[in-house]
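Positions are given from 1, in the same order as the sequence printed here.
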Amino acid sequence: MSFSQRMGLEPTTRAIQVDDIDAKLRGALWNVLTLSFWENYRHGYSSTKLRYSNFGDFAKHYAFHHDISIDRLPEYWFELIETIRTRFEKSPWNKVYDFLEYMAESGPEDQIGSRKWRDAFIRFTNSVLENHNSGYRFIERKIAPITSADELEEIEKAISTSQPYAGVKLHIQTALGLLTNRDAPDYRNSIKESISAVESLARHVTGDQKATLGEALKVLETKHHLEPTIKQAFLKLYGYTSDGNGIRHSLMRDDATPTKADARFMLICCSAFVNFVIDSCER
């Protein structure tokens with residue numbers, strides 16, 4: 001992260017894109033369409049016109065399903081592809097996903113009966129969606145959410161409200177940066193940073209630099225009326241991350257390979273706990 005991001009002067013990367021598509025993801029998805037479909041255009045031997053190409057039937061199908069008069073279709077492929085591209089670049093984020101679903105069902109390669117092209121397109125698209133931290137994936141040829149906006153709000157709130165607690169904000173921001181780094185994601189250290197945020201906050205709450213989470217929860221229980229059932233729930237969750245059979249132990253082994261799902265789970269849970277503790281202390 002840059003200095004401006006660490007200081008909260010510029011936004012950090014969002015953990016997952018749920019209600020928007022940034023320019024990099026939109027561009028990457030267009031590249032998927034180009035490599036999967038547009039580069040496979042072939043015109044007939046006697047003409048370069050769209051109607052004599054292998055995309056002639058696709059052009060009619062596209063026009064029919066996108067409010068274009070079939071008799072107004074352009075004569076040449078390059079004219080139609082410019083129309084498609086303009087729409088794609090200007091469409092709201094949800095319409096981009098609508099179009100990806102349409103191509104998975106009705107792309108030109110699929111129309112000639114080649115299932116492998118459709119499956120390859122879906123795999124290619126999913127890899128790009130994952131790499132760019134989209135909150136959606138193809139599941140059975142339909143794009144479905146893999147997370148919720150509420151989960152993302154927990155992370156963003158934890159970053160914004162933990163400013164007074166030295167170290168907590170930096171740990172969460174670092175965990176987010178390691179998780180969302182498209183070039184070199186580091187899920188193992190992202191998990192470590194998420195847990196470190198919780199441990200750092202525990203020390204702030206107790207005033208003891210060696211305090212454990214359990215000791216911090218005792219302070220919340222006695223001074224801030226923490227419900228015993230909530231205390232036990234947090235203790236069990238944290239215990240699961242810390243004991244010999246838990247996620248923290250197993251994922252910290254050199255021979256283990258943490259996944260993006262593991263790192264995202266820990267970041268969301270630890271952010272939620274940070275928010276809970278800060279809200280409790282401010283009442």
Side-chain angles (χ1 to χ4, degrees), residues 13-14 16-149 180 182-183 260:
T13 304
R14 295 199 67 183
I16 303 174
Q17 298 188 58
V18 170
D19 55 1
D20 195 9
I21 291 178
D22 64 20
K24 290 184 178 179
L25 175 54
R26 191 182 294 260
L29 291 173
W30 179 257
N31 287 339
V32 170
L33 291 166
T34 299
L35 295 172
S36 299
F37 298 107
W38 314 146
E39 283 195 345
N40 296 311
Y41 173 81
R42 297 183 301 277
H43 59 74
Y45 291 111
S46 60
S47 175
T48 60
K49 293 182 179 180
L50 177 61
R51 63 182 298 185
Y52 298 116
S53 73
N54 62 324
F55 277 25
D57 289 339
F58 165 75
K60 295 176 183 177
H61 193 277
Y62 173 83
F64 187 83
H65 287 86
H66 291 84
D67 301 321
I68 299 173
S69 297
I70 293 178
D71 60 354
R72 296 288 183 88
L73 277 170
E75 191 171 6
Y76 296 97
W77 167 241
F78 76 88
E79 296 173 315
L80 178 60
I81 195 62
E82 281 304 312
T83 297
I84 296 174
R85 180 167 192 160
T86 298
R87 287 192 172 204
F88 185 87
E89 291 177 344
K90 293 183 177 180
S91 294
W93 68 271
N94 54 299
K95 291 298 183 182
V96 170
Y97 288 130
D98 285 347
F99 185 64
L100 293 175
E101 284 188 351
Y102 167 77
M103 293 302 295
E105 290 285 354
S106 306
E109 295 295 345
D110 189 48
Q111 287 192 7
I112 63 174
S114 179
R115 177 183 175 86
K116 66 179 182 179
W117 280 100
R118 180 185 63 213
D119 293 343
F121 167 66
I122 288 175
R123 289 194 301 270
F124 193 2
T125 302
N126 276 345
S127 69
V128 167
L129 293 174
E130 179 177 4
N131 190 44
H132 287 261
N133 301 304
S134 168
Y136 302 89
R137 300 287 189 278
F138 265 114
I139 301 175
E140 294 296 326
R141 277 189 271 174
K142 295 298 181 183
I143 294 178
I146 61 169
T147 190
S148 72
T180 59
R182 282 192 285 265
D183 297 323
K260 176 178 282 191

Would you say the side chain of [Y] lies within less than 4.5 Å of the side chain of [X], judging by non-hydrogen atoms?
| X | Y | result |
| --- | --- | --- |
| His132 | Leu29 | no |
| Lys142 | Glu105 | yes |
| Ile84 | Phe99 | yes |

Test log, rule side chain to side chain contact (heavy atoms under 4.5 Å, CB included), inputs Ile21 and Asn94: CA-CA 9 Å; Ile21 291 178; Asn94 54 299; over 6 Å; no

[atom1]-[atom2] distance between [X] and [Y], expressed to the nearest 0.5 angstrom:
| X | Y | atom1 | atom2 | result |
| --- | --- | --- | --- | --- |
| Asp19 | Trp93 | CG | CH2 | 6.5 Å |
| Ile68 | Arg87 | CD1 | CZ | 4.0 Å |
| Asn133 | Leu25 | CG | CG | 9.5 Å |
| Met103 | Ile122 | CE | CD1 | 11.5 Å |
| Glu89 | Arg26 | CD | CZ | 8.0 Å |

From CA spacing to verdict: side chain to side chain contact (heavy atoms under 4.5 Å, CB included), Leu129, Asn126: CA-CA 5 Å; Leu129 293 174; Asn126 276 345; 3.9 Å; yes

Check: [Y] main-chain N/O paired with [X] side-chain donor or acceptor under 3.5 Å:
| X | Y | result |
| --- | --- | --- |
| Asn40 | Asn54 | no |
| His66 | Tyr62 | yes |
| Ser69 | Asp71 | no |

Considering only distance and modelled atom types, tabulate donor-acceptor pairs under 3.5 Å from the side chains of residues 74-82, sequence neighbours left out.
unit_1	atom_1	unit_2	atom_2	d
Glu75	OE2	Lys49	NZ	2.8
Glu79	OE1	Glu75	N	3.3
Glu79	OE1	Tyr76	N	3.2

Side chain to side chain contact (heavy atoms under 4.5 Å, CB included) evaluation trace for Arg51 with Lys60: CA-CA 9 Å; Arg51 63 182 298 185; Lys60 295 176 183 177; over 6 Å; no

Least distance between heavy atoms, Phe121 atom then Ser36 atom: CD1-OG, 3.6 Å

Minimum heavy-atom distance between Leu50 and Ala59, given as atom pair plus value: CD2-CB, 3.6 Å

Ring geometry between His65 and Tyr102 (parallel below 30°, tilted from 30 to 60°, perpendicular above 60°): tilted

Mutual orientation of the aromatic rings belonging to Trp30 and Trp38 [parallel < 30°, tilted 30-60°, perpendicular > 60°]: tilted

Phe138 and Glu101: CA distance, side-chain angles, deciding distance, side chain to side chain contact (heavy atoms under 4.5 Å, CB included) verdict: CA-CA 8 Å; Phe138 265 114; Glu101 284 188 351; 4.2 Å; yes

Pair Tyr97-Ser134, side-chain donor/acceptor within less than 3.5 Å: yes

